[in-house]
Amino acid sequence: MPQAVISGTGLYQPPHIITNAELVEAFNAYAQAHNATHADAIARGEQVALTSSSVEFIEKASGIKQRYVIEKAGVLDPARMRPKFEERADDQLSLMAEIGVDACRKALAAAGRTGADVDAIFCAASNMQRAYPAMAVEIQQALGAGGYGFDMNVACSSATFAIEQAVNAVRAGGVKCALVVNPEITSAHIEWKDRDCHFIFGDVCTALVIESADSAVSADQWEVLGTKLATQFSNAIRNNFGFINRSEDSDPLARDKTFRQEGRKVFKEVVPMAAAHIEAHLAAMHLEPTQVRRFWLHQANLGMNQLILKKLVGAEAGGDLAPLVLDTYANTSSAGSVLAFHEHHADMKPGDLGVICSFGAGYSIGSVVLRKA
Ligand code: CO8
């Protein structure tokens, strides 16, 4: 079987930053206006007044200091509180495909490849812009790639689950060079009006080239030693948006049509699952966590990563062993662990081991064990 390697990474970084201070200012203006409009109902006890958000809480509870977004004015407009995107004609490249193509081109350049070398594209993200045609097929055409492409969604674990599909396709011999692309436009499916989660997410797109080691030309190659995926049903992170909504005559702007979670529950349940998953994956490969030079963990919450690292190797997250990108990018859903890998691998030496690990809605957990070639 051919060995699969990651031979290039690419990142689309949105043009706008929203700091915690800007975010909190907009939310508090919205809450104040909301409370004034509903003052009578609040006084009668029929509605609950919205309470203020705070920069201190956000930084302490999550480790997030800012996030990148594709469109900023709509998010920060207290009368709107969601991004404002222009609808595009069918013959224009869609927004998701546009950021996907940008990240893919950068990953291909890093791998010394062009679109013509690609024969499979896995577009993996926690939400898709439309039902069909698949975003992956649109990206395939824009890149001039051959073969096939399809979309897949496993929420925050979409990227690691797609990596396994790409690696298996390369190992089976049917695919020589694959792209895994994660266009995460989280700003369009979080509820910016909910102070419990308005600070959590940011937009970004990552891409990876995964190809056969026999023909890879990149100076920076990472052997994929193994992948391990797991799911376990949970309603603790949920979004009910979908094609059935219109037949249910439900409100498209209702709270349950965007991201919802029981943050504490997720924290408590997922940390032990993720640590045990990584440990079991490494053990099956006769490896100890202490042999791993770097963990590129899912970027959801600083405290989560600290606990996972502590359970695995008794060390603190952040810095060299499990670098964080969460402070500047926030949670970018499936792109987070790939983004950590993209930004923090250049210093590693041949033979060094690393683990990419994602965890999130589903629940879903995916780990990928890498060795610098
Ligand atoms: N400002 C001030 N106070 C606040 C705020 C705020 N913004 N928000 C909440 N509070 C208050 C609460 O009301 C509460 O007050 P009280 O004690 O009086 O009830 C107090 O602060 C504490 O609240 P919490 O217990 O909720 O705070 P936590 O310490 O648990 O922190 C976190 C909240 C940061 C959300 C934390 O629980 C966490 O990070 N949990 C894990 C979350 C996580 O990793 N989720 C992953 C989901 S991502 C995923 O899987 C992908 C899904 C698809 C992507 C969708 C993209 C849009």
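Read the numbers this way: they start at 1 and go in the same order the structure lists the ligands and their atoms. Side chains included, hydrogens not; waters and symmetry mates left out as well; all remaining heavy atoms used. Predicted, not measured: the structure shown is a model, and the values here were computed from it. This chain uses plain numbering: 1 for the first residue, then up along the sequence.
- Of the options F201, F199, F27, F57, the smallest heavy-atom separation from atom 21 (O) of ligand 1 is shown by F57.
- Rounding to the nearest 0.5 Å gives a distance of 6.0 Å between SG of C123 and CE of M135.
- In the candidate list K268, R195, H298, R195 is nearest to atom 12 (C) of ligand 1, counting heavy atoms.
- Using a 3.5 Å distance cut-off with no hydrogens or angles, the side chains of R171 and N168 do not pair a donor with an acceptor.
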Task: E184 and S334: CA distance, side-chain angles, deciding distance, side-chain hydrogen bond (donor to acceptor under 3.5 Å, both in side chains) verdict - done: CA-CA 7 Å; E184 290 288 4; S334 75; 2.6 Å; yes
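- Those atoms of ligand 1 that come under 4.0 Å of a heavy atom in A300, given as number and element, are 44 (O).
- Closer than 4.0 Å to atom 17 (O) of ligand 1 lies none of the heavy atoms of the protein.
- Checked by atom type, the side-chain pair N28/R195 shows no donor-acceptor distance below 3.5 Å.
- Of the listed options N301, N28, V271, D194, N301 places a heavy atom closest to atom 38 (C) of ligand 1.
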Open item on the list: Pair W296, H345 - check ring-ring contact (aromatic ring centres under 6.0 Å, His included), show working.
Closed with: CA-CA 9 Å; W296 299 283; H345 72 261; 7.3 Å; no
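- Of all protein heavy atoms, the one closest to atom 9 (C) of ligand 1 is D196 OD1, 3.1 Å.
- Taking the charged nitrogens against the carboxylate oxygens, R371 and D352 have no contact shorter than 4.0 Å, which rules out a salt bridge.
- Among protein heavy atoms, the minimum distance from atom 35 (C) of ligand 1 is reached at Q261 NE2, 3.5 Å.
- Every atom of ligand 1 is numbered from 1 in the order shown, and the set under 4.0 Å from a heavy atom of N331 is 48 (S).
- Classification of E98 and R88 as a salt-bridged pair holds, one side-chain N sitting under 4.0 Å from a carboxylate O.
- Atom numbering of ligand 1 starts at 1 in the shown order; those under 4.0 Å from a heavy atom of S333 are 51 (C), 54 (C).
- Of the candidates C197, G263, S334, it is G263 that places a heavy atom closest to atom 40 (N) of ligand 1.
- Comparing M304, E269, H189 against atom 55 (C) of ligand 1, the shortest heavy-atom distance belongs to H189.
- We find that K311 and E279 are not joined by a salt bridge, their nearest charged nitrogen and carboxylate oxygen being 4.0 Å or further apart.
- At least one protein heavy atom sits closer than 4.0 Å to atom 45 (N) of ligand 1.
- When hydrogens are left out, the protein atom nearest atom 53 (C) of ligand 1 is S126 CB, 3.8 Å; that is the closest non-hydrogen contact.
- Looking only at heavy atoms of the protein, atom 26 (O) of ligand 1 is closest to R264 CG, 4.7 Å.
- By the definition of a contact as any protein heavy atom under 4.0 Å away, atom 3 (N) of ligand 1 is in contact.
- Using a 4.0 Å cut-off between charged nitrogen and carboxylate oxygen, K193 and E191 do not count as a salt-bridge pair.
- Considering only non-hydrogen protein atoms, atom 31 (O) of ligand 1 sits nearest to A61 CB, 3.6 Å.
- Closest protein heavy atom to atom 50 (O) of ligand 1: A361 N, 2.7 Å.
- Distances from atom 14 (C) of ligand 1 to the protein include no heavy-atom value under 4.0 Å.
- Ring-centre distance between F259 and H189: not below the 6.0 Å cut-off.
- Side-chain atoms of Q299 and Y329 include no donor-acceptor pair closer than 3.5 Å.
- We find that R293 and D320 are joined by a salt bridge, their nearest charged nitrogen and carboxylate oxygen being less than 4.0 Å apart.
- When the heavy-atom distances from atom 49 (C) of ligand 1 to S54, C156, G360 are ranked, the shortest goes to C156.
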